[in-house]
Amino acid sequence: MRAVLLGATKGMGRALARLMAERGDALFLLGRDREDLARSAADLSIRGAAGTVGTAHCDLLDPSSFAPALAAAAQSLGGIDTVVVSAGVFAAQEALEHDAALRDRLLTADFTNTIHFCEQARQHLLNGGSGARLCVFSSVAGDRARKPVLLYGAAKAGLSHYLTGLDHKFAAQGLKTILVKPGFVKTSMTADLPPPPFAGEPDPVARRVLRAIDRGTPVVYAPAAWRWVMLVIRLLPRAVMRRIGF
Ligand SMILES: NC(=O)c1ccc[n+]([C@@H]2O[C@H](COP(=O)([O-])OP(=O)(O)OC[C@H]3O[C@@H](n4cnc5c(N)ncnc54)[C@H](OP(=O)(O)O)[C@@H]3O)[C@@H](O)[C@H]2O)c1
């Protein structure tokens, strides 16, 4: 694989990048912190990534950084066949309700600009011919509106909708879209939150996601149990959703 990863300096993205490095994929990292990128690239090289692991600055809050970052990746890798977007922002519902600037950043990063990035990535992938894969981390929070993740979930619901549509529109042209729906996973993003039942770890999640990328599975819940948890939650009547705090 010749893969570009946005958001692989931490959490699930880092676990996934390490698995890809260990099997000898060629990797290029995008992110906003140059030192983190350099450290992560060195780590992936030691783990077996093919060739040099290149890096480029790319900030989800700065769409002008997208085109140069993807162009640098395409040049370094000699074309891109896989793009993974695990970059994302989370904030507590209470904080988002009271802080309009934080709300704007989260909605812009997780919805608008992730879509802008994917639109540019899609063009690189379609230019690369067959075997193209776009894997993007959304969330189970987008499956049903819930009080504790109302705003974050709204952004992820929109993102999931977009990715589902990409699959419908571009599958016939050879683009495989892999929509990842993590449940609660223990990463820096959730470090301040009490883990619920079925909380997962980044490594098993990464193994599940990589299998989905290889197979071109359109939707993957990770950990797997969240598929059934969300099935039940989607079936709950509105009156119940109004009463419960989940
Ligand atoms: N953990 C969970 O329970 C959970 C559940 C559902 C969905 N998700 C989603 O899964 C994805 C990965 O989550 P995670 O838990 O692995 O998160 P994480 O450990 O916090 O890692 C997030 C990554 O995104 C990058 N990032 C954040 N803001 C960015 C920006 N403006 N521009 C570029 N990169 C940026 C971070 O880089 P920096 O070091 O620069 O911040 C980091 O590499 C996210 O989309 C998240 O919403 C997570």
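When a ligand or atom number is given, it counts from 1 through the structure's own listing order.
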* Asked: Any donor-acceptor pair under 3.5 Å linking the side chain of Asp25 with the backbone of Leu27?
  -> no
* Asp36 and ligand 1 - part of the residue with a heavy-atom distance under 4.0 Å -> side chain
* Asked: Do the side chain of Lys156 and the main chain of Phe137 share a donor and acceptor less than 3.5 angstrom apart?
  -> yes
* To do: Distance to 0.1 Å, residue and atom name: give those for the protein heavy atom nearest to atom 23 (C) of ligand 1.
  => Gly7 O, 3.8 Å
* Taking atom 35 (C) of ligand 1 as the reference point, the nearest protein heavy atom with its distance -> Ala87 CB, 3.8 Å
* Which residue from Ser139, Gly153, Gly183 reaches closest to atom 5 (C) of ligand 1 through any of its heavy atoms? -> Gly183
* First locate atom CG of Leu150, then atom CG of Leu96, and finally report the distance between them rounded to the nearest 0.5 Å. => 9.0 Å
* Asked: Do the non-hydrogen side-chain atoms of Leu44 and Leu29 ever get within less than 4.5 Å of each other?
  -> yes
* Asked: Applying a strict 4.0 Å limit to heavy atoms, is Ala141 in contact with ligand 1?
  -> no
* Between Lys176 and Ile213, is there a donor-acceptor pair closer than 3.5 Å when you use the side chain of the first and the backbone of the second? -> no
* Asked: Can you tell me if Ser65 uses its side chain to pair, donor with acceptor, with the backbone of Asp59 under 3.5 Å?
  -> yes
* Asked: Counting heavy atoms not belonging to Arg227, are there more than 12 under 6.0 Å from its CZ?
  -> no
* Any idea which protein heavy atom is nearest atom 21 (O) of ligand 1, and the distance to it? -> Lys10 CB, 3.6 Å
Return all side-chain donor-acceptor pairs below 3.5 angstrom for residues 67-85, not counting sequence neighbours, or 'none' if the list is empty.
residue : atom : partner : partner atom : Å
Asp81   : OD1  : Arg2    : N            : 3.0
Asp81   : OD2  : Arg2    : N            : 3.3

* Part of Lys156 within contact of ligand 1 (heavy atoms, under 4.0 Å) -> side chain
* Verify, without hydrogens or angle tests, whether Thr108 (side chain) and Arg105 (backbone) share a donor-acceptor contact under 3.5 angstrom. => no
* **Contact atoms of ligand 1, heavy-atom distance to Phe184 under 4.0 Å** => 3 (O)
* When you check the gap from the basic side-chain N to the acidic O, do Asp214 and Arg23 get nearer than 4.0 Å? -> yes
* **Identity and separation of the nearest protein heavy atom to atom 8 (N) of ligand 1** => Tyr152 OH, 3.5 Å
* **Of the listed options Arg105, His57, Arg32, closest to atom 38 (P) of ligand 1 (non-hydrogen atoms)** => Arg32
* Examine distances only and state if a side-chain atom of Arg208 and a backbone atom of Tyr221 form a donor-acceptor pair shorter than 3.5 Å. => yes
* **Nearest-option assignment for atom 2 (C) of ligand 1, heavy atoms, candidates Val185, Asp33, Leu193, Leu159** => Val185
* To do: Below 4.0 angstrom from a heavy atom of Ser86, which ligand 1 atoms are there? Numbered from 1 as shown, please.
  => 11 (C), 12 (C), 44 (C), 45 (O)
* Would you say ligand 1 has an N or O under 3.5 Å from any N or O of Thr187? -> yes
* Mark yes or no for whether Thr55, through its side chain, and Ala38, through its backbone, hold a donor-acceptor pair below 3.5 Å. => no
* Nearest neighbour in protein (non-hydrogen) for atom 43 (O) of ligand 1 -> Thr9 OG1, 2.8 Å
* Report yes if Thr190 has an N/O atom closer than 3.5 Å to an N/O atom of ligand 1; otherwise report no. => no
* Shortest heavy-atom approach to atom 7 (C) of ligand 1 - which of Ser138, Gly88, Ala191 -> Ser138
* Assess Phe90 for proximity to ligand 1: is some non-hydrogen atom of it under 4.0 Å away? => no
* With heavy atoms of Gly11 as the reference, note each atom of ligand 1 found under 4.0 Å away. => 16 (O), 19 (O)
* Asked: What part of Ala109, side chain, backbone, both or neither, has a heavy atom within less than 4.0 angstrom of ligand 1?
  -> neither
* Modelled atom types, side-chain donor and acceptor of Gln123 and Glu119, under 3.5 Å -> no
* Heavy-atom donor-acceptor pair, Thr114 side chain to Ala109 backbone, under 3.5 Å -> yes
* To do: Take every heavy atom of Pro202, measure it against each atom of ligand 1, and state whether any distance is under 4.0 Å.
  => no
* In terms of side-chain geometry, is the basic nitrogen of Arg32 or Asp62 positioned less than 4.0 Å from the acidic oxygen of its partner? -> no
* To do: Give yes or no for whether the N/O distance cutoff of 3.5 Å, strictly under, is met between Leu60 and ligand 1.
  => yes
* To do: Check ligand 1 against Pro182 and write out every atom of the ligand that is under 4.0 Å from a heavy-atom position of the residue.
  => 5 (C), 6 (C), 7 (C), 8 (N), 10 (O)
* Structure fact -> closest protein heavy atom to atom 48 (C) of ligand 1 is Met12 CE, 3.4 Å
* Provide, to 0.1 Å, the distance between atom 17 (O) of ligand 1 and the closest protein heavy atom, together with that atom's residue and name. => Met189 CE, 3.5 Å
* So which protein heavy atom does atom 20 (O) of ligand 1 come closest to, and at what separation? -> Ser188 OG, 3.3 Å
